[in-house]
Amino acid sequence: MTQAPVSWLNRISATGLAVAAACLSYAGFLHMFGNDTLAAFVAACVGGGVLGRLYRGSRQGQM
């Protein structure tokens with residue numbers, strides 16, 4: 001398996017998507033449960049998961 005180079009624009013867009021997903025999950029969990037700690041934890045997990053998945057896919061040439 002060869003690693004394909006990824007442009008800086010793809011990295012910026014992946015980061016933007018992860019931030020947007022984290023913000024939306026934070027707002028949703030804060031609205032549903034009213035617990036700041038739970039909302040922050042879920043937002044961190046969702047944002048990190050999205051960013052990790054996109055970077056993994058981009059390193060394999062699938063992005």
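Everything numeric here is computed off the predicted structure, so don't read it as measured data. Residue indices begin at 1 and follow the sequence shown.
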Exercise for the section: Each residue besides V19 in its hydrophobic cluster should be listed here, by chain and number; the cluster joins Ile, Leu, Val, Met, Phe, Trp and Tyr at side-chain heavy-atom distances under 4.5 Å. Expected result: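 Traced through the cluster, V19 reaches no other member.
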
Exercise for the section: If you link ILVMFWY side chains whenever their heavy atoms are less than 4.5 Å apart, which other residues fall into the same cluster as I12? By chain and number, please. Expected result: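 Reading the cluster by chain and number, I12 sits alongside W8, L9.
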
Using atom types as modelled, flag every donor-acceptor pair under 3.5 Å from a side chain in residues 20-36 to any protein atom, sequence neighbours excluded.
| unit_1 | atom_1 | unit_2 | atom_2 | d |
| --- | --- | --- | --- | --- |
| S25 | OG | A21 | O | 3.1 |
| S25 | OG | A22 | O | 3.0 |
| N35 | OD1 | T37 | N | 3.2 |

Output a table of donor-acceptor pairs, distance under 3.5 Å, between side-chain atoms of residues 38-50 and any protein atom two or more places apart or on a different chain; print 'none' if there are none.
none

